[in-house]
Amino acid sequence: MKKDFVVIGLGRFGGSICQELTKLGMNVLAMDKNEDLVDDFSNIVTHAVVGDSTDETVLKSLGIRNFDHVIVAIGNDIQASILTTLMLKELGVKKVTTKALNDYHEKVLRKIGADQVVHPERDMGKRLAHNLVSSNVLDYLELSDEHSIVEISANEVISGHAIGQLDIRARYGINIVAIKRHSNIIISPQADEVIQEGDVLIVIGSDTDINRFEVKMLQS
Ligand code: ATP
């Protein structure tokens with residue numbers, strides 16, 4: 001279903017969100033106070049407007065509360081990012097996602113009601129670190145401060161063995177919730193499921209346990 005998004009701030013982060021949402025067929029209203037950037041995006045998104053998001057009358061005149069989701073992609077001006085997020089929530093926007101620059105910024109955003117806070121540099125750094133430790137780690141999704149889901153491609157250490165035989169749950173305290181095999185997906189695989197080379201395991205657990213698994217099992 002087509003959804004209506006607003007992206008505020010057309011730097012590298014906001015700009016790439018605009019492009020991808022448009023490619024996915026969504027309606028996108030892009031906004032920036034920089035006229036040149038707005039011009040650059042006018043042919044890409046559904047609408048592009050010049051405006052300062054810290055001005056409540058500007059937000060109201062856009063009918064901001066009628067949009068499904070607003071993304072605040074303002075980077076360096078933390079004050080503008082916080083004020084914008086606060087006004088969006090006060091104006092009744094259902095879903096607001098805001099980019100945070102640091103942990104304090106993130107804390108404030110959560111306190112004032114941001115529905116989702118993203119930290120692209122930190123998250124990318126974490127993903128890359130996991131991939132550097134083990135090239136078998138394909139993706140990494142943080143569930144909370146302490147728990148994650150990772151996608152791991154099965155290497156020769158674990159392929160050819162049944163899940164029960166590897167005893168991953170007892171040894172590492174993590175669970176294989178699904179296996180992607182070619183175009184199939186096996187949800188909640190049983191203990192007798194034999195892992196094949198090329199399988200992608202979707203594993204859930206605490207970061208400490210997942211890290212132990214990555215280091216012990218996956219370094220070949
Ligand atoms: P990126 O890393 O995504 O390139 P950045 O860290 O350089 O971003 P900024 O340049 O601070 O972030 O902000 C991104 C965009 O947000 C800029 O194009 C800026 O003009 C715009 N912006 C900042 N404040 C406001 C505001 N109050 N209203 C609308 N746009 C704003």
Side-chain angles (χ1 to χ4, degrees), residues 2-132 137-143 145 148:
K2 246 188 178 189
K3 283 193 172 173
D4 298 320
F5 288 88
V6 179
V7 178
I8 300 172
L10 301 174
R12 284 161 304 175
F13 180 64
S16 95
I17 292 176
C18 283
Q19 283 178 332
E20 291 306 312
L21 286 174
T22 306
K23 276 190 208 158
L24 291 166
M26 300 293 133
N27 293 320
V28 180
L29 170 73
M31 177 181 172
D32 202 292
K33 58 183 184 181
N34 178 328
E35 205 173 329
D36 293 339
L37 279 172
V38 172
D39 275 349
D40 291 346
F41 279 84
S42 58
N43 290 328
I44 299 170
V45 296
T46 324
H47 292 290
V49 293
V50 181
D52 182 345
S53 61
T54 60
D55 184 341
E56 196 172 356
T57 52
V58 171
L59 296 179
K60 278 186 177 160
S61 70
L62 293 173
I64 202 89
R65 58 175 302 162
N66 299 319
F67 287 84
D68 297 306
H69 197 152
V70 180
I71 296 100
V72 183
I74 297 172
N76 296 319
D77 190 345
I78 291 185
Q79 196 176 324
S81 149
I82 291 171
L83 193 54
T84 303
T85 305
L86 182 66
M87 284 193 304
L88 291 170
K89 286 314 289 181
E90 280 187 346
L91 289 171
V93 176
K94 275 182 236 73
K95 186 131 199 231
V96 178
T97 296
T98 305
K99 169 183 162 174
L101 272 195
N102 55 51
D103 292 344
Y104 294 112
H105 188 189
E106 178 169 354
K107 258 191 190 166
V108 176
L109 291 170
R110 290 197 190 281
K111 276 245 178 321
I112 60 172
D115 300 283
Q116 186 183 19
V117 180
V118 290
H119 217 133
E121 288 87 359
R122 186 194 63 186
D123 296 346
M124 193 58 215
K126 275 194 182 180
R127 281 210 177 106
L128 183 61
H130 282 262
N131 186 261
L132 293 171
V137 175
L138 306 175
D139 206 354
Y140 178 91
L141 174 74
E142 202 173 53
L143 291 178
D145 286 347
S148 304

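Here the structure is a predicted model, which means the values were calculated and not measured. Both counts, for ligands and for their atoms, begin at 1 and track the order of listing.
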Looking at [atom], what's its closest protein heavy atom, distance included?
{"atom": "atom 26 (C) of ligand 1", "result": "Ser53 OG, 3.5 Å"}
{"atom": "atom 13 (O) of ligand 1", "result": "Gly75 N, 3.3 Å"}
{"atom": "atom 16 (O) of ligand 1", "result": "Gly9 CA, 3.2 Å"}
{"atom": "atom 31 (C) of ligand 1", "result": "Lys33 CG, 3.8 Å"}
{"atom": "atom 4 (O) of ligand 1", "result": "Arg12 N, 2.7 Å"}

Short N/O distance, under 3.5 Å, between [X] and ligand 1?
{"X": "Glu121", "value": "no"}
{"X": "Asp32", "value": "yes"}
{"X": "Asn76", "value": "yes"}
{"X": "Ile74", "value": "no"}
{"X": "Ile8", "value": "no"}

[X] versus [Y]: any side-chain heavy-atom pair under 4.5 Å?
{"X": "Asn76", "Y": "Leu101", "result": "yes"}
{"X": "Val118", "Y": "Phe13", "result": "yes"}
{"X": "Ile82", "Y": "His105", "result": "yes"}
{"X": "Lys3", "Y": "Leu21", "result": "no"}
{"X": "Asp68", "Y": "Met26", "result": "no"}

Relative to the heavy atoms of [X], which atoms of ligand 1 are at a distance of less than 4.0 Å?
{"X": "Gly51", "result": "28 (N), 29 (C)"}
{"X": "Ala73", "result": "14 (C)"}
{"X": "Leu37", "result": "18 (O)"}
{"X": "Phe13", "result": "1 (P), 3 (O)"}
{"X": "Asp52", "result": "26 (C), 27 (N), 28 (N)"}
{"X": "Lys99", "result": "1 (P), 2 (O), 3 (O), 6 (O), 8 (O)"}

Quiz item: So is Gly15 close enough to ligand 1, meaning a heavy atom under 4.0 angstrom away?
Solution: no
Can you see which heavy atom on [X] is nearest to which on [Y], and at what distance?
{"X": "Glu106", "Y": "Val117", "value": "CG-CG1, 3.6 Å"}
{"X": "Asp55", "Y": "Met87", "value": "N-CE, 4.1 Å"}
{"X": "Thr84", "Y": "Ser53", "value": "OG1-OG, 2.9 Å"}
{"X": "Val49", "Y": "Val38", "value": "O-CG2, 3.4 Å"}

Quiz item: Should the proximity of Leu10 to ligand 1, defined as any heavy atom under 4.0 Å, be assigned to the side chain, the backbone, both, or neither?
Solution: backbone
Quiz item: Do you know which of Thr97, Leu83, Val96, Val6 makes side-chain contact (heavy atoms from CB on, under 4.5 Å) with Val72?
Solution: Val96
Quiz item: After noting the C-alpha distance and the side-chain angles of Asp115 and Lys89, does the key distance pass the salt bridge (charged side-chain N to carboxylate O under 4.0 Å, His left out) rule?
Solution: CA-CA 9 Å; Asp115 300 283; Lys89 286 314 289 181; 2.9 Å; yes
